[in-house]
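In the text below, chain A, chain B and the rest are named by the order of the sequence lines, each starting its count at 1.
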There are 2 protein chains.
Amino acid sequence: MTEDYPVQLKLEHQLCFALYACSREMTKLYRPFLDELGLTYTQYVTLLVLWEQDNMSVKQLGEHLLLDSGTLTPLLKKLEAMNLVARVRDAKDERSVLVQLTEEGRALRSRAEHIPENVFCQVGLTFEEGGKLRERLQQLVEEMQKR
Amino acid sequence: MTEDYPVQLKLEHQLCFALYACSREMTKLYRPFLDELGLTYTQYVTLLVLWEQDNMSVKQLGEHLLLDSGTLTPLLKKLEAMNLVARVRDAKDERSVLVQLTEEGRALRSRAEHIPENVFCQVGLTFEEGGKLRERLQQLVEEMQKR
DNA sequence: CACAATTAAATTGCATACAATCTATATGAG
DNA sequence: CTCATATAGATTGTATGCAATTTAATTGTG
């Protein structure tokens, strides 16, 4: 049965599945830390972007996160309801919505500061190894976005 | 502003985000091929498992895919509605549900056979490189599952 | 055997992802 | 200027993921 099963279709040989599984498992490691902050993973990465550069349009946020308004609009409304961001129309271009951290949103950063290293420790990854893997994945993402 | 921003919080430095982005981009590359078969990505990987070993319980499927019944039950009902699988109670243990490929489900395999290599080509990945990356990710998944 | 504890699915509720469509605003060619 | 085209968000609909709970069946222990 299994002997003549085409090798290229085995789940174990799928890079796509390794990525899919690895991404979900990684998110699970973040969950307990993020629960403490009352954030989901996607809300967390959105805040990462805003902590780095505040006052960004939904469009720009989407370019950083590779997400569209269909995902971001409801997510940002939730962050707004949690008093972490404000959404304001751009006076320079009324089509745009600017997302701005509130005082509370900015303050949350210090509580998130050590999450990545905590997770890193748990996985037993060195900074070196993790960095290499990350760079390989970033290359791949760039390659895929050309298609 | 940006100069004193804590390095460990930059989106560019997050392995978790690289995984999350890479996984989603990879799924996007599969989409046009899977559309032809009328399958979603999760339905596709579920069939990969069943093509490799038919007549598996929902529990076993979940162990391979790292998914629980909350995700699998509705997905399997859809595959059943599409006439690709049958769901039958295990006579040996009435708590279990066995998932079995239909003739149509088995037949679909030949049409899926060349999808992985097509996607691989698009990304410009050699079998060698892809395999190495996959193995690294599989290691990491195992490591994370110990936690 | 009786029954508490465990297990497998199913269900419920919430938060994404993302395609497709819609609405409002801005832009560019004539 | 003017209208066709493009662009930014919002909305709608479908399909996950996953935690928490529920239901039904099984198992282990006294």
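For dT16(D), the OP1/OP2 oxygens have a side-chain nitrogen or oxygen of Thr40(B) closer than 4.0 Å. The side chain of Tyr20(B) places an N or O atom within less than 4.0 Å of a non-bridging phosphate oxygen (OP1 or OP2) of dA17(C). Side-chain N/O atoms of Gln43(A) include one lying less than 4.0 angstrom from OP1 or OP2 on dT16(C). Not one side-chain nitrogen or oxygen of Arg87(B) sits closer than 4.0 Å to the OP1 or OP2 atom of dA9(C). OP1 or OP2 of dA25(D) has not a single side-chain nitrogen or oxygen of Lys92(B) nearer than 4.0 Å. One finds a side-chain N or O of Thr42(B) lying less than 4.0 angstrom from the OP1 or OP2 phosphate oxygen of dT16(D).
For the residue pair Glu104(A) and Asn83(A), no side-chain donor N or O sits within less than 3.5 Å of a side-chain acceptor on the partner.
Regarding Asp68(A), its CG atom lies at a distance of 12 Å from the P atom of dA10(D), rounded to whole Å. The nearest whole Å value for the distance from the CZ atom in Arg89(A) to the P atom in dA24(C) is 11 Å. Protein atom CG of Leu39(B) is 15 Å distant from nucleotide atom C1' of dT14(D), rounded to whole Å. Rounding to whole angstrom units, CG of residue Leu66(B) and P of dC18(D) are separated by 9 Å. Atom CD in Glu63(A) sits about 12 Å away from atom P in dT7(D), given to the nearest Å. Asp90(A) places its CG atom 13 Å from the P atom of dA10(D), with the value rounded to the nearest Å. To the nearest angstrom, P of dT11(C) lies 12 Å from CG of Leu76(B). Between Leu65(B) atom CG and dT16(D) atom P there is a gap of 12 Å when expressed in whole angstrom units.
Nucleic acid contact for Asp93(B): sugar-phosphate only, since backbone atoms but no base atoms lie under 4.0 Å from a heavy atom of the residue. Leu98(A) comes within 4.0 angstrom of nothing in the nucleic acid, heavy atoms only. Nucleic acid contact for Leu75(A): sugar-phosphate only, since backbone atoms but no base atoms lie under 4.0 Å from a heavy atom of the residue.
Figure legend: Arg24(A) and Tyr20(A) shown as a cation-pi pair, the cationic atom lying under 6.0 angstrom from the six-membered ring centre and within 45 degrees of its axis.
Using a 4.0 Å cut-off between charged side-chain N and carboxylate O, Lys77(A) and Glu80(A) make no salt bridge.
Residue Ser96(B) has its side chain nearest to dA9(C) when only dA10(D), dC18(C), dA9(C) are considered. The side chain of Glu94(B) lies closest to dT26(D) when the candidates are dA15(D), dT26(D), dA9(C). Closest to the Ser57(B) side chain, of the nucleotides dA9(C), dG17(D), dA10(C), is dA9(C). Looking at the side chain of Arg31(A), the nearest of the listed nucleotides dA26(C), dC18(D), dC18(C) is dC18(D).
Each of Lys28(A) and Lys59(A) was assigned the nucleotide of DNA chain D with the nearest heavy atom; the assignment lying further toward the 5' end belongs to Lys59(A). If you find the closest nucleotide of DNA chain C to Leu67(A) and to Lys77(B), the one lying nearer the 5' end belongs to Lys77(B). Position along DNA chain D of the nearest nucleotide to Thr73(A) versus Arg95(B) favours Thr73(A) as the more 5'-ward residue.
Gln138(A) places no side-chain N or O within donor-acceptor distance of the main-chain N or O of His13(B), the cut-off being under 3.5 Å.
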Check against ring pair (Phe, Tyr, Trp, His ring centres under 6.0 Å), Phe127(B) and Phe120(B): CA-CA 8 Å; Phe127(B) 181 75; Phe120(B) 242 60; 7.1 Å; no
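Cluster membership check: Leu29(A) shares its hydrophobic cluster with Leu47(A), using side-chain heavy-atom separations under 4.5 Å among Ile, Leu, Val, Met, Phe, Trp and Tyr.
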